[in-house]
A.B. asks: 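One structure is given below, represented as structure tokens, and several questions about it will come after.
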Amino acid sequence: MELYADIIVDITHEKLDRTFQYRIPEVLREQVRVGSMVVVPFGAGNREVTGYCIGITALPSYDRAKIKEIISLKEKGVTAEGKLIQLADFMKNRYGVTMIQALKTVLPVRETVRGIQKRTVRALYNMEELSALYEQLEAKHQSARMRLIRALMEKPELDYEFVTRNLKITAPTLKWMEETGAGRVETSALYRNPVRDTGEEKADFQLSQDQCHIVEQIVSHREEEEPGRYLIHGITGSGKTAVYIELVQRTLERGEQAIVLIPEISLTYQTLRRFYSRFGDKVSVMNSTLSQGEKYDQMQRARSGDIQVIVGPRSALFTPFPKVGLIVIDEEHENSYKSELSPRYHAREVAEEIARIHQADLVLGSATPSLEAYYGAQRGEYQLFELTKRLTGGALPATQIVDLRKELKEGNRSIFSRLLLSKIEDRLAKKEQVLLFLNRRGYTGFISCRSCGQVILCPHCSVSLSLHRDGKLHCHYCGYVQPKVEVCPKCGSPHVLGFKAGTEQVEEKVRQCFPSARVLRMDGDTTRHKNSHGAILSAFGRQEADILVGTQMIVKGHDFPNVTLVGIIAADLSLSEQDFRSGERTFQLLTQAAGRAGRGSTPGEVVIQTYQPEHYSIQMAAAQDYRSFYEREMAYRTLLHYPPAGCMMAVHIYGKEEAGAGRLAQSLTKQAALAVQGGLQVQIMGPGEAGVYKLKDVYHHVIYVKAEERETLLQLKNRMELYREQSWPANDKEFIQFDFL
Ligand code: ADP
Ligand code: ZN
Ligand code: ZN
């Protein structure tokens, strides 16, 4: 049997679809792999060019006689690009996308028209140092240098063009400036070290015994055996970042590179400064404000060895380092590590594969690990480390749960319990700050009983039902529908209602109750503008307000030492999302919110208001008891075969016409049922209307499928795709998307 390789000769985005097939000669059979760099005869003149193998097949795609043969294998090892191609191959199989889609995700985009590089002149001296320098220059009458320094005193960041054209500063003067250390000429200032290393920032502490233990274990395991996978479970402030930094250092000392993922929202000045002050220009930061061109430049710098550490969100995984030695995923449980675009990959899974390809260590860290990671640790796939003590910022806050059912019974219909009101009053008097947190996330339409707290659940899926426009209660997983309940099925109370408090209402109520308090609000509406997020947080940090009201945005990343009270308005909001992960998310949010209280010297307090005070997610979060939470949650997942106890896939059906979308959803469900009859071991739920059924005139249905193995789900996916392709009218009105949950 002959084997053929699909080769791309130009790995740019525009040319990816142009693959050429070559025969693999007998002698190279064992060596040519996906990702190999090969030399092939190209074009009419059979010019020798290099290319990458992106696939191997036994089926020639055209006349066998005309297929040319690979000349030779180019490299001994696999190049950085070759490794990315191997990664794309993994993603293709794992997420069921085409090789081209996968390649487009992992390979850097080269902008066809490169923007002119923006150059700036930036002051590195502070104001005092600049003016001292200016005085010296004045004494020596060095006017060009004086012009430059004066301009930097007025504005520490100057446009290069402005400096050379308007100020008539020449290259030797700029060179002098760089040599004295007063300033620097920067290209693409955005990702160059934006933090001046003043020296004083350098944390001069020794790692604690617990921290050292983790570092030494990981390093020696690697030296003596092989790279490993680790999970560091440690509360915020327990010293995880310090461990990552030490591990990165060790990695660089071995001549390897490191990728550090942190959620975009915690790419704060404080965190970045710690990386910059340790690694200086070896580190680069990636974030969403970079343009495509700047990202591409960064990728080039990574490839050439100009940078050795990258800190960024999930896409930083695709940095083309020649030899990755360490991957860190901080706040591993964060939702933002899951891509919402096809391929809907999870950073954790992709990182595992990169670690395998490069033989790198993988370190996950979290105060509230995802069930997936902790389950992995229980099964020995990850080695677990625990950091249990806060290193700075005092003791953990005291937490109280307030039963809103009791408040109602005793005549308090306000959204604030009496306890929370009195505590806010107390803090205002003491000039301490308060965070009021609404853990609401997007759409909620759940119904619960205000008298006993009972949430109306789907009898089949144990997730909350939601109220739809038709006035009925729907399950988003299995499509179950029932009429709206008028009285509580548990206690008979007529107070069965949807929950409507939003951040605006909370802000309004705060202003009514505390007219003299200064209030800030942060949510999707107030942060639509770029940077307003940071602006609100820093204003609050400067104590320009007494109370900050907001959604989960306010509980991440920032330290407010003067906050001594955190109030959670209704813990039920996230608990009742129509999703099997709602209990986990609630536990995470409550734990994080509680972690915001008392970061300074004064101890903090947390008040959690809820209609379901007995719910384990709330109880265990209040008790800061991750382990008990994990046991309870895992029991629930196991019972109902939800991930990580099983595998689950969502099939999203979109349609521009209501009838067509509905019909396709039905037909695909039927295909699934046929597959089950044929012996495929899956459990089908649905079809059901999606949480947001109609959006921008597109109708959206979902089928959920559970199975023991991922492979089984992929088989069903292929079958459904084939059906859409072959048995459904060729149109662009209906389409399908798959998501592995
Ligand atoms: P985490 O990443 O778990 O939130 P950090 O590494 O940020 O924890 O540490 C929290 C704080 O404690 C930081 O201000 C850090 O500088 C400080 N810190 C970390 N390790 C030590 C140590 N061994 N000794 C003293 N301070 C430390
Ligand atoms: Zn009730
Ligand atoms: Zn259901």
Side-chain angles (χ1 to χ4, degrees), residues 201-215 232-248 260 262-263 266 268 270-275 277-278 328-332 363 365-368 385-394 404-405 408-409 447-466 473-482 485-497 556-559 561 578-580 592 595-596 599-600 611-612 640 642 683-689 702-704 706:
E201 251 61 65
K202 282 219 176 80
D204 273 330
F205 53 76
Q206 301 264 307
L207 289 189
S208 72
Q209 227 176 1
D210 291 343
Q211 289 170 317
C212 275
H213 172 74
I214 299 178
V215 172
I232 306 177
H233 175 206
I235 54 171
T236 314
S238 62
K240 298 186 294 297
T241 308
V243 170
Y244 307 150
I245 289 176
E246 183 62 26
L247 287 171
V248 170
V260 180
I262 58 182
S266 23
T268 55
Q270 289 153 341
T271 315
L272 295 183
R273 167 147 62 193
R274 292 171 68 182
F275 280 90
S277 68
R278 181 71 85 92
V328 172
I329 307 183
D330 189 33
E331 310 281 355
E332 148 295 311
V363 177
S366 174
T368 51
F385 293 114
E386 313 245 351
L387 287 173
T388 48
K389 289 186 284 291
R390 256 194 194 178
L391 292 167
T392 55
L404 288 177
R405 300 169 305 190
L408 181 74
K409 214 172 275 167
I447 299 290
S448 71
C449 171
R450 291 302 148 77
S451 302
C452 77
Q454 178 72 32
V455 175
I456 313 300
L457 297 175
C458 170
H460 309 292
C461 309
S462 285
V463 299
S464 39
L465 294 173
S466 66
L473 298 176
H474 290 233
C475 171
H476 291 158
Y477 277 172
C478 71
Y480 169 83
V481 180
Q482 71 169 47
V485 287
E486 301 300 335
V487 295
C488 171
K490 193 168 152 203
C491 74
S493 155
H495 297 290
V496 198
L497 304 165
K556 289 179 184 163
H558 273 253
D559 254 359
Q578 297 77 30
D579 179 346
F580 72 87
Q592 263 173 8
R596 295 294 110 193
R599 300 300 293 269
Y611 291 99
Q612 301 170 76
L640 290 167
Y642 284 126
Q683 187 193 337
I684 304 151
M685 301 150 73
E689 293 180 3
V702 193
I703 306 168
Y704 288 92
K706 290 193 230 170

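Indexing begins at 1, ligand by ligand and atom by atom, following the structure's order. Nothing here was measured: the structure is a model prediction, and the numbers come from that model. For reference, positions follow the sequence shown, starting with 1.
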A.B. asks: Distance under 4.0 Å to a non-hydrogen atom of L207: what atoms of ligand 1 satisfy this?
C.D. replies: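 Every atom of ligand 1 under 4.0 Å from some heavy atom of L207: 23 (N).
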A.B. asks: Which ligand 1 atoms, with their elements, are less than 4.0 angstrom from a heavy-atom of Q206?
C.D. replies: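 Those atoms are 22 (C), 23 (N), 24 (N).
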A.B. asks: Determine whether any heavy atom of I235 lies closer than 4.0 Å to an atom of ligand 1.
C.D. replies: yes
A.B. asks: Which of the numbered atoms in ligand 1 are under 4.0 angstrom from any heavy atom belonging to A242?
C.D. replies: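 So the answer, numbered in order with elements, is 6 (O), 19 (C), 20 (N).
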A.B. asks: Classify the ring geometry of F385 against H213: parallel below 30°, tilted from 30° to 60°, perpendicular beyond 60°.
C.D. replies: perpendicular
A.B. asks: Does ligand 1 have an atom that lies less than 4.0 angstrom from a heavy atom of S238?
C.D. replies: yes
A.B. asks: What is the SG(C491)-the Zn ion (ligand 2)-SG(C449) angle, to the nearest 10 degrees?
C.D. replies: 110°
A.B. asks: Heavy atom under 4.0 Å from ligand 1: found in R274's side chain, backbone, both, or neither?
C.D. replies: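 Within the 4.0 Å criterion, R274 contacts ligand 1 through side-chain atoms alone.
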A.B. asks: Under 3.5 Å, N or O to N or O, is G237 touching ligand 1 that way?
C.D. replies: yes
A.B. asks: In degrees, rounded to 10 degrees, what angle do C488 atom SG and C452 atom SG make at the Zn ion (ligand 2)?
C.D. replies: 110°
A.B. asks: If you round to the nearest 0.5 Å, how far is CD of Q454 from CD of Q612?
C.D. replies: 8.0 Å
A.B. asks: Which ligand 1 atoms, with their elements, are less than 4.0 angstrom from a heavy-atom of S208?
C.D. replies: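 So the atoms of ligand 1 that pass are 23 (N).
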A.B. asks: Does H233 use its side chain to pair, donor to acceptor, with the backbone of T368 at less than 3.5 Å?
C.D. replies: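 Flag not set: sc H233 to bb T368 has no pair under 3.5 Å.
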A.B. asks: Looking at K240, R274, R278, which one forms a salt bridge (Lys or Arg N to Asp or Glu O under 4.0 Å) with E246?
C.D. replies: R278
A.B. asks: Please give me the minimum heavy-atom distance between D210 and K389, naming the atom from each residue.
C.D. replies: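 So the two residues come closest at OD2-NZ, 3.7 Å.
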A.B. asks: Tell me whether Q211 contacts the main-chain N or O of G239 through its side chain, where contact means a donor paired with an acceptor under 3.5 Å.
C.D. replies: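 Judged by distance alone, yes, a pair lies under 3.5 Å.
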A.B. asks: So which heavy atom on S451 is nearest to which on H495, and how close?
C.D. replies: OG-CD2, 3.7 Å
